[in-house]
Amino acid sequence: MEENFGASSYGAGDRDALPAEAVAASLGCGNPTAVAELREGERVLDLGSGGGIDVLLSARRVGPTGKAYGLDMTDEMLALAVANAARAGASNVEFLKGTIEAIPLPAHTIDVVISNCVINLSVDKPAVFAETFRVLVSGGRTVSLTWSPRTRCQPRNGRPATPTSAVSPAH
């Protein structure tokens with residue numbers, strides 16, 4: 001793994017407290033839980049949760065009265081995330097199958113939506129943003145890392161790409 005990629009965005013304390021499989025599966029562009037200012041009792045949704053690293057970290061921060069949801073579209077990642085949650089002993093997590101353009105949660109049920117670069121992969125960003133705001137409670141907030149200066153984009157030709165967006169916590 002490249003030094004400035006995925007899991008290296010997380011502090012050693014966070015990495016050490018999680019299952020190694022969750023850390024190894026981290027392919028995001030930063031650490032949204034570092035800037036999300038999560039509070040006890042909040043309900044958090046991670047768009048594109050993959051192996052569950054951000055869901056597990058969120059679950060620890062919101063505590064037993066809060067809940068962390070992970071949304072992913074692949075059975076393989078969901079199975080890995082569920083296994084990682086079991087390894088971590090996390091009881092306040094739930095992983096959902098679906099797409100970020102059609103979030104399978106009721107309206108106004110989430111306090112904080114986090115995302116770690118997956119929005120870049122959507123061809124229908126307006127749908128992603130509409131769904132994000134649909135599930136947020138009044139006064140809810142989003143933390144979306146769309147690109148991080150710590151990530152080097154490598155296109156197929158091997159030359160570093162020029163990033164086109166920035167870290168964007170939205171309130």
Side-chain angles (χ1 to χ4, degrees), residues 6 9-10 14 17-19 22-23 25-148 165-171:
S9 299
Y10 299 85
D14 282 339
L18 296 173
V23 175
S26 176
L27 298 174
C29 64
N31 178 355
T33 62
V35 294
E37 298 179 18
L38 300 177
R39 296 183 281 272
E40 181 84 25
E42 288 187 313
R43 294 158 298 175
V44 180
L45 170 63
D46 179 20
L47 301 179
S49 56
I53 191 170
D54 293 322
V55 174
L56 296 175
L57 290 172
S58 296
R60 288 177 43 211
R61 288 177 173 89
V62 300
T65 61
K67 187 155 187 176
Y69 294 90
L71 175 65
D72 206 280
M73 62 184 228
T74 67
D75 292 328
E76 297 81 8
M77 281 293 133
L78 289 168
L80 177 61
V82 167
N84 286 332
R87 286 182 194 101
S91 59
N92 61 338
V93 301
E94 184 176 339
F95 292 95
L96 308 166
K97 184 172 183 175
T99 66
I100 62 176
E101 297 86 2
I103 299 170
L105 284 171
H108 315 296
T109 57
I110 300 296
D111 298 299
V112 183
V113 176
I114 62 174
S115 175
N116 197 344
C117 294
V118 74
I119 293 171
N120 287 334
L121 304 176
S122 175
V123 296
D124 191 356
K125 290 171 185 59
V128 175
F129 297 129
E131 279 295 280
T132 297
F133 289 105
R134 181 187 67 78
V135 300
L136 280 172
V137 299
S138 178
R141 60 199 191 280
T142 66
V143 175
S144 176
L145 300 180
T146 55
W147 174 81
S148 171
S165 57
V167 176
S168 57
H171 296 278

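Below, each value reflects all heavy atoms present in this structure, side chains not excepted, and no hydrogens, waters or symmetry copies. On a predicted model such as this, the values are computed, not experimentally measured, just so you know.
The shortest heavy-atom contact between Tyr69 and Val55 is O-CG2, 3.8 Å. Of all the heavy atoms in Val112 and Glu42, the pair that sits closest is CG2-OE1, 3.8 Å. Here the closest heavy-atom approach between residue Lys97 and residue Leu78 is recorded as CB-CD1, 3.4 Å. Taking both residues in full, the closest heavy atoms of Leu56 and Ala90 are given as CD2-CB, 3.9 Å, listed atom of the first, atom of the second, then distance. A pairwise comparison of heavy atoms in Leu136 and Asp111 identifies CD2-O, 3.7 Å as the closest pair. Residue Ser58 comes nearest to Ala68 through the heavy atom pair CB-CB, 4.0 Å, listed as atom of the first residue, atom of the second, then distance.
Of the possible polar contacts, none joining the Glu101 side chain to the Ala127 backbone as a donor-acceptor pair under 3.5 Å is found. Judged by distance alone, the side chain of Asn92 and the main-chain N or O of Ala59 form a donor-acceptor pair under 3.5 Å. With hydrogens and angles ignored, the 3.5 Å screen pairs no side-chain donor or acceptor of Arg61 with any backbone N or O of Ala36. A donor-acceptor contact shorter than 3.5 Å links the side chain of Arg134 to the backbone of Leu105.
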Point to revise | side-chain contact (heavy atoms from CB on, under 4.5 Å) evaluation trace for Phe129 with Ile119 | key: CA-CA 9 Å; Phe129 297 129; Ile119 293 171; 4.1 Å; yes

Practice item. Go through Leu47 and Ile103 one step at a time and tell me if the side-chain contact (heavy atoms from CB on, under 4.5 Å) criterion holds. Key: CA-CA 9 Å; Leu47 301 179; Ile103 299 170; 3.8 Å; yes

Review point. Hey, mind stepping through Arg43 and Glu94 against salt bridge (charged side-chain N to carboxylate O under 4.0 Å, His left out) and telling me if it holds?
Key: CA-CA 11 Å; Arg43 294 158 298 175; Glu94 184 176 339; over 6 Å; no

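In this structure, the separation between CG on Leu80 and CZ on Phe95 is 9.0 Å, given to the nearest 0.5 Å. From Ile110, atom CD1 reaches atom CG of Leu45 across 5.0 Å, with rounding to the nearest 0.5 Å. Here CE of Met77 is found 9.5 Å from CG of Asn84. Values are rounded to the nearest 0.5 Å. Atoms CG and CD1, from Leu57 and Ile53 in turn, are 5.5 Å apart once rounded to the nearest 0.5 Å.
Inter-residue side-chain proximity for Leu96 and Ser49 is flagged as unmet; no heavy-atom pair is nearer than 4.5 Å.
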